[in-house]
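Residue numbers begin at 1 in each chain, while the letters A, B, ... track the order of the sequences.
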Amino acid sequence: MKVFLKLLARNRLALAGGIVLMLVVFLVLITPILPLADPDVTNTANRFKLPFSEGAILGTDHLGRDLLSRLLWGTQLSLAVGFAAAIVAATLGATIGIIAGYYGGRTDNVIMRGVDMLMAFPYILLALAIVAALGPGLFNALVAVAAVNVPFFARNIRGITVGIAHKEFVDAARLAGLSDTRIILTEILPNVIPVIVIAMSTTIGWMILETAGLSFLGLGSQPPQADLGSMLGEARSALITNPHTSIVPGVMILIIVMSINLLGDGVRDALDPRLKSGALSRPMAATMVKRDGPVPAATGDGLLELQNLQTQFHVKDRVYRAVGGVSLHVKRGECLGIIGESGSGKSVTALSVMGLVASPPGVISGGAVRYDGEDLIGAPYRRLRDMRGKNVAYIFQDPLATLHPLYRVGEQLIEAIRAHRPIGKEEGQKKAIELLEAVRMPNAAKRISDYPHEMSGGMRQRVGIAMALANDPDIIIADEPTTALDVTVQAQILAMLDDLRRSRGLAIVFITHDFGVVAQLCDRVAVMYAGRIVEEGPTASILDKPTHPYTTRLMACVPQLGEGKRRLEAIPGLPPVVDKLPDGCAFADRCERVQADCRTGEIALERKGDRAVRCLHPVTPLQEAAE
Amino acid sequence: MTGYILKRLLSAIPVLLGITVIVFLIMAMIPGDPATAILGSYATPENVEKLNRELGLDKSLVQQYFIWLGNMLQGDFGTSFALNRPVIDEVLERFNATLILAGTAFLLCSVFGIVAGVISAANQYGAADKAITFVVLLGISIPSFFLGMMMILLFAVNLRAFPVSGMWPIYGDRNLGALISHLTLPAIAMAVVATGVIARLSRSAMLEVLRQDFIRTARAKGVHERGVIWRHALKAAMVSIIPVLGIQAGFVLSGAVYIEIVFQWPGVGRMLVDAILKRDILLVQGGVVFVAACYVLFNIAVDVAQSLLDPRIKT
């Protein structure tokens, strides 16, 4: 509760709304003791006096009645009726909702059908019908407004009750022999009251507006009694000659409803956990770049070169170093594997290349990514967009989530081409079919008019690959493209990627957590842990003589055909959280070979020949492994 | 698709019946004798009894309901006492005027609401977002009848840019130009609240969608940011925006009652309020049932539009 109030107070708009509302309520409460003129005493000699005239600060209305006095009394009436309607609607609605939700079955069915019927009306029709039946009058208007809002509460509260009615503590109460009424009053009600209060805070503005509306139509409060709505209604005939009589009550309604809405929004936001975590932020077109250090000079190593790349996530005042200085390169026609557990920073590394890390919260904070020598981190968005898909293409993990659900796969393929060069409809169709045939999609000509949800996982991933191939890129970055697929489909897709690489001279960066996949496809492999590379070298050499203890543990995770008896080993413990990395080796806490010196200072990536390792006590000495 | 539409239409039948039952029950709550209410308290007992028989009020409630329902199904909604004219004729004529006004307002609030929401989301926390958020807050807080009055004051009386009220000029041709100039102010006043609600919802729907994986895919393909926002994100967001358009149509229609009174628009909303004040019960009954039925049918159209947009919905 305290946290909630603090959050609410931090929201300046909500605070302003709350203060204004409290001020209005305060004014209304002290109205009876203020030295005001009688709101109902007419004085036709003084009619339509302008605001700020003597004896009438806000002027007088068409019968010479003091507007300030009428305004305050009217506000009191409007607020009272609005609150009363809200309480009646909430009480009735909650009762109906709890009964429907608690008893369920046929009771629920009958009640909710009725509620649905009531909700099928535009609300005013129902309110008008009720007022028509009961006759105009403030009390009847209150009844009508409360009645039209009952279904809203009933439906909300029923939803919550259904969730609670099957919880253990309710079952326990039932087993203890408590009566249904007791259970509802002592177990259910306390749990739904917060929901009722929130629903009331969001609808009370509406109810004040609706009652004011009915009064405005002459169906609510009857003269001489006046709420804000009927003041406005009476003033309407003099709108053109004496607008102040309309503006005074109208602005008051606006102020009340606006402050309630501001407060209500604040309440809602303070209760929404997603807003706090920043999860509702929109990712920008390209990852934010805030590079402080110097840009490393080009070395001309490979087609794609990552130099001391650093990518961070800034969440509130915390900084997560997802990628903490990664240097890699890949040559034309080469396949580089990046392997690590989830959270090791391998995907973020891959996404940083084309500025696809979601931002906020992602920030590229240092290093360089070079394509053919050109630094992409500093490149403007226009250049980056031009290269995406054309020079560097991506294949993502879960093709159901990564393909647009509402476009046919053919349209998505053609769009990939069209993003880089204009293409006619017929030519596009032809090219799309060609692409699908290139990834061995059976029945390609028919399949282009399928939606993603109509395909199997393997077929969807073929579409994903076809899309990556659409503009004949030089580099494909595949982010766990086979993880969501079953083993046979996985093997097919891997074989196909290998073929494509050989026939088209593609460079592939293949991200995975599976050494089996690496062995099958990659020429070289880099092992990542906690945002850094801990071992790198030719695949065969690493498989033969791993040096980093983490690498050996990762390799032990792969099941081997024909060696059924061997136990699959999981790595005990979890990777460290990258916002406060320990000194020394990040793997130390999970390492069997850990010694005192592992926990101090910076441990460098040591290179010998084509092998490299970041470890003080390697499984195999680096010199020996490199030979 | 035809099968789906047929199925939805069939499922509307119980809802429509439910609406007639609810309206009938509400009208049955009328205290005292309807015939006395119609004829006034000076009516002779003989006249009251005669009218009761004519209206079928001497029969049981259940019988009365089915007679009323049967007549309505044959297009007979009864006769308005105040206007001395078949209810259905009056309702149809008035509903036509409301449809022009509410239809325009609905179009305005859909287009402007969605566009504002998309711009707001695409520039989250930027100047445009803040400005739109503020205007939207103002829009959803202002009573439409007050807004309408202020618009008359400013644009019709002071600036003389639009006529003060009515649907047609009193003198002169009833052409499209005249209709548009009469339509502009009330349609805008009516659309403002719904525009705000739709803009808010579109903004949050867009923000939700923009974080999805397929948006990243579109960007990875090299699709221009404009295309990412307006083609990829908006299309996916429409799945959650369209149902809200259906709900907002109900609010726009409700707003018609106020706006028609403020702008003297000869629509069904003003007719209902007049009828209530004159205790013309049959006109109220017929008007409410007719408009509610139209609204139910409109919502079916919304469902169909939704199924056209989203191929994952089983049709």
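- Using a 4.5 Å heavy-atom threshold, the side chains of A:P283 and B:R219 count as touching.
- Heavy atoms of A:M467 lying under 4.5 Å from chain B belong exclusively to its side chain.
- No other option in B:I22, B:V273, B:V291 has as many heavy-atom pairs under 4.5 Å with chain A as B:I22.
- A:P122 approaches B:A292 most closely through the heavy-atom pair CD-CA, 4.4 Å.
- Ranking A:R385, A:R418, A:H453 against chain B, the residue ahead of the rest is A:R385, based on heavy-atom pairs under 4.5 Å.
- Residue contact with chain A, scored on non-hydrogen atoms closer than 4.5 Å, involves the backbone and the side chain of B:I261 alike.
- Across B:L277 and A:G218, no two heavy atoms sit closer than the pair CD2-O, 4.0 Å.
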Derivation and outcome, salt bridge (Lys or Arg N to Asp or Glu O under 4.0 Å), residues B:R200 and A:D265: CA-CA 11 Å; B:R200 273 187 160 200; A:D265 288 354; 2.3 Å; yes

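- Applying the 6.0 Å contact sphere to CZ of A:R382 captures no more than 12 heavy atoms from other residues, nucleotides or ligands.
- Heavy atoms closer than 4.5 Å to chain B are found in the side chain of A:L351, but not in its backbone.
- Among A:L126, A:V257, A:L400, the residue making the largest number of heavy-atom pairs under 4.5 Å with chain B is A:V257.
- If you look at A:F216 and B:F146, their ring centroids are not closer than 6.0 Å.
- Between A:Y451 and B:R312, every side-chain heavy-atom pair lies at or beyond the 4.5 Å cut-off.
- Of the two parts of A:E454, neither the backbone nor the side chain holds a non-hydrogen atom closer than 4.5 Å to a non-hydrogen atom of chain B.
- Here OG1 of B:T217 is found 5.0 Å from CZ of A:F396. Values are rounded to the nearest 0.5 Å.
- Contact of B:I142 with chain A is made through backbone and side chain together, with heavy-atom distances under 4.5 Å.
- Proximity to chain A (any heavy atom under 4.5 Å) is restricted, for B:V284, to the side chain, taken from C-beta onward.
- Heavy-atom pairs under 4.5 Å with chain A were tallied for B:L17, B:I19, B:I229, B:V157; the largest tally goes to B:I19.
- Both the backbone and the side chain of B:V223 come within contact range of chain A, each with at least one heavy atom under 4.5 Å from a heavy atom of that chain.
- Among the candidates A:M119, A:M354, A:R236, A:R113, the residue making the largest number of heavy-atom pairs closer than 4.5 Å to chain B is A:R236.
- Summarising the geometry, atom CG belonging to B:L137 is positioned 4.5 Å from atom CE belonging to A:M258; distances are rounded to the nearest 0.5 Å.
- In this structure, CG in A:L217 is found 12.0 Å from CZ in B:R270, a value given to the nearest 0.5 Å.
- Note that the CD1 atom of B:I140 and the CG atom of A:N261 stand 4.5 Å from one another [nearest 0.5 Å].
- Here B:K235 is the residue among B:K235, B:Q212, B:M27, B:M150 with the most heavy-atom pairs under 4.5 Å with chain A.
- Looking at A:L219, only its side chain comes within 4.5 Å of chain B, counting heavy atoms on both sides.
- The two residues A:S246 and B:M149 come nearest to each other via the heavy atoms OG-CE, 3.3 Å.
- Across all their heavy atoms, A:P405 and B:P311 have their closest contact at O-CG, 4.0 Å.
- Side chain of A:H420 to main chain of B:K221: a donor-acceptor pair is present (N/O by atom type, distance under 3.5 Å, no hydrogens or angles).
- The contact between A:H404 and chain B is made by backbone and side chain atoms together, counting heavy-atom distances below 4.5 Å.
- Smallest separation of non-hydrogen atoms from A:A129 and B:V288: CB-CG2, 4.5 Å.
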Audit row: B:D213, A:T402, side-chain hydrogen bond (donor to acceptor under 3.5 Å, both in side chains) steps and yes/no: CA-CA 5 Å; B:D213 286 348; A:T402 52; over 6 Å; no

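- A:P136 touches chain B through its side chain: at least one heavy atom from C-beta onward sits under 4.5 Å away, while N, CA, C and O do not.
- Between chain B and the residues A:A419, A:A127, A:A132, the largest count of heavy-atom pairs under 4.5 Å involves A:A132.
- Counting heavy-atom pairs under 4.5 Å between each of A:A416, A:G229, A:G355 and chain B puts A:A416 at the top.
- Annotation: side chain of A:L125 is not in contact with side chain of B:V257 (no heavy-atom distance under 4.5 Å).
- Only the backbone of A:M284 comes within contact range of chain B, with heavy atoms under 4.5 Å apart.
- Only the side chain of B:F134 comes within contact range of chain A, judged by heavy atoms closer than 4.5 Å.
- Neither the backbone nor the side chain of A:A393 comes within contact range of chain B; no heavy atom of the residue lies under 4.5 Å from a heavy atom of that chain.
- Side-chain atoms of A:R282 come within 3.5 Å of backbone atoms of B:A122 as a donor-acceptor pair (strictly under, hydrogens ignored).
- Interface residue B:A236: backbone and side-chain heavy atoms are both found under 4.5 Å from chain A.
- When heavy atoms are compared at a cutoff of 4.5 Å, A:I255 does not approach chain B at all.
- Ranked by heavy-atom pairs under 4.5 Å with chain B, the list A:G114, A:S259, A:G250 is led by A:G250.
- With contacts defined as side-chain heavy-atom distances shorter than 4.5 Å, the pair B:V23/A:F121 qualifies.
- Inter-residue side-chain proximity for A:L128 and B:I276 is flagged as met; some heavy-atom pair is nearer than 4.5 Å.
- With respect to A:E415 and B:R231, a salt bridge is recorded, a charged nitrogen being found less than 4.0 Å from a carboxylate O.
- One distance of note links OG of B:S141 with CD1 of A:I256; it measures 11.5 Å at 0.5 Å rounding.
- The minimum heavy-atom distance between B:L138 and A:L254, with the atom names listed, is O-CD1, 4.3 Å.
- Only the backbone of A:E210 comes within contact range of chain B, judged by heavy atoms closer than 4.5 Å.
- Note on ring orientation: taking the six-membered ring where Trp is involved, the planes of B:F251 and A:Y123 are tilted (angle from 30° to 60°).
- Side-chain contact between B:R216 and A:Y394 is absent, with no heavy atoms from C-beta onward closer than 4.5 Å.
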Test side-chain contact (heavy atoms from CB on, under 4.5 Å) applied to A:L239 and B:V262, step by step: CA-CA 10 Å; A:L239 170 67; B:V262 171; over 6 Å; no

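- With a 4.5 angstrom heavy-atom cutoff, A:A358 does not touch chain B via any of its atoms.
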Intermediate values then yes/no, side-chain contact (heavy atoms from CB on, under 4.5 Å), B:V15 and A:D116: CA-CA 8 Å; B:V15 180; A:D116 285 345; over 6 Å; no

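- Contact of the B:V21 side chain with the A:M117 side chain is not registered, since no non-hydrogen atoms from C-beta on lie closer than 4.5 Å.
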